[in-house]
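Written below as structure tokens is the structure these notes are about.
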Amino acid sequence: MGTVLGEMRNVPWHELQHAYGSASQVPGMLSRIAWGDGPTAEDALSDLGQWIAAPAVFDATVAAVPFLWELAATETVKDRAGVLELLATILASGHDLHPEWTRAAHDAVVAGRPTAARLAADASSPQAQTHAHVQAQAQAQKQAVRDASVRLLAAIDGHTCPACPPRTV
């Protein structure tokens with residue numbers, strides 16, 4: 001797997017649950033988000049969102065959030081903005097029967113705030129690409145990541161819910 005998602009093998013996914021049962025498939029979804037082409041990554045991100053974030057969070061959500069932050073910070077990931085949006089969805093979701101999952105998932109999202117701040121402030125790096133359309137596409141992706149980061153920062157800073165204690169920023 002390389003260094004991206006390298007620690008994923010240390011999580012006992014088969015012992016965790018998502019919305020439809022065992023979370024043993026979550027590593028495969030995270031890997032497809034990390035290394036899949038655009039459509040593959042988007043499908044995996046959508047499926048993962050349905051499993052761990054909408055309409056509720058699970059213990060698998062808590063385990064997945066650090067890897068989502070890792071993916072959001074990895075420039076080769078095709079839909080980093082989508083990963084950040086999934087993190088925002090997790091922050092807005094909960095689990096009525098397991099408030100401890102809600103709090104742990106929210107804490108894991110909040111713990112990535114420095115990454116979101118860095119991505120929100122990320123200035124355009126010099127491009128080695130020579131084709132104008134490739135540069136424009138790269139700039140659009142960077143802007144989408146910055147915009148999603150700004151929205152996530154606002155959600156983190158304004159987050160309140162019954163499962164979480166008040167936060168100081």
Checklist outcome for this item: d(Ser24 OG, His14 NE2) to nearest 0.5 Å is 9.0 Å
Checklist entry - With sequence neighbours left out, what residues match Gln25 under side-chain hydrogen bond (donor to acceptor under 3.5 Å, both in side chains)? => result His18
Next on the checklist: Hydrophobic clustering (ILVMFWY, side-chain heavy atoms < 4.5 Å, transitive) - are Leu119 and Val150 grouped together?
Outcome noted: no
Checklist entry - Quick one: side-chain contact (heavy atoms from CB on, under 4.5 Å) partners of Gln143, sequence neighbours excluded? => result Arg146, Asp147
Item to check | Asp59 (side chain) donor-acceptor with Leu16 (main chain) under 3.5 angstrom | outcome: no
Item to check | Smallest separation among heavy atoms of Lys78 and Gln141, with atom names | outcome: O-NE2, 4.4 Å
Checklist entry - Glu7: what forms a side-chain hydrogen bond (donor to acceptor under 3.5 Å, both in side chains) with it, not counting sequence neighbours? => result Asn10
Checklist entry - Can you list every ring pair (Phe, Tyr, Trp, His ring centres under 6.0 Å) pair that touches residues 67-93, not counting sequence neighbours? => result none
Checklist entry - Can you list the steps and then say if Asp122 with Arg118 is a salt bridge (Lys or Arg N to Asp or Glu O under 4.0 Å)? => result CA-CA 6 Å; Asp122 190 21; Arg118 183 179 55 78; 5.6 Å; no
Checklist entry - Is there a side chain to side chain contact (heavy atoms under 4.5 Å, CB included) between Asp107 and Val65 once you walk through the steps? => result CA-CA 10 Å; Asp107 286 346; Val65 167; over 6 Å; no
With a 3.5 Å cut-off and sequence neighbours excluded, list the donor-acceptor pairs that the side chains of residues 39-53 form with protein atoms.
{"residue": "Thr40", "atom": "OG1", "partner": "Asp37", "partner atom": "OD1", "Å": "2.7"}

Checklist entry - With Leu91, which of Ile156, Leu86, Val57 fulfils side-chain contact (heavy atoms from CB on, under 4.5 Å)? => result Ile156
Item to check | His106 NE2 to Thr61 OG1 distance, which is reported to the nearest 0.5 Å | outcome: 9.0 Å
Checklist entry - Mind checking what makes side-chain contact (heavy atoms from CB on, under 4.5 Å) contact with Ala104, not counting sequence neighbours? => result Val62
Item to check | Thr102 versus Ser93, closest heavy-atom pair with distance | outcome: CG2-O, 4.0 Å
Next on the checklist: Using the side-chain contact (heavy atoms from CB on, under 4.5 Å) criterion, which residues pair with Ala34? Sequence neighbours excluded.
Outcome noted: Val4, Leu5, Leu71
Checklist entry - Residues two or more places apart in sequence or in another chain: which of them pass side-chain hydrogen bond (donor to acceptor under 3.5 Å, both in side chains) with His98? => result Glu100
Item to check | Smallest separation among heavy atoms of Met8 and Ser31, with atom names | outcome: CE-OG, 3.6 Å
Checklist entry - Which atom names give the shortest non-hydrogen contact between His95 and Ala56, and what distance separates them? => result CD2-CB, 3.8 Å
Checklist outcome for this item: Heavy-atom nearest pair, Ser22 first then Trp13, reads OG-O, 4.4 Å
Next on the checklist: Using the side-chain hydrogen bond (donor to acceptor under 3.5 Å, both in side chains) criterion, which residues pair with Thr74? Sequence neighbours excluded.
Outcome noted: none
Checklist entry - If you take all heavy atoms of Ala60 and Gln17, which pair is closest and at what distance? => result CB-O, 3.1 Å
Checklist outcome for this item: Residues passing the side-chain contact (heavy atoms from CB on, under 4.5 Å) test with Pro114, sequence neighbours excluded, are none
Item to check | salt bridge (charged side-chain N to carboxylate O under 4.0 Å, His left out) involving Glu85 - partner list, sequence neighbours excluded | outcome: Arg151
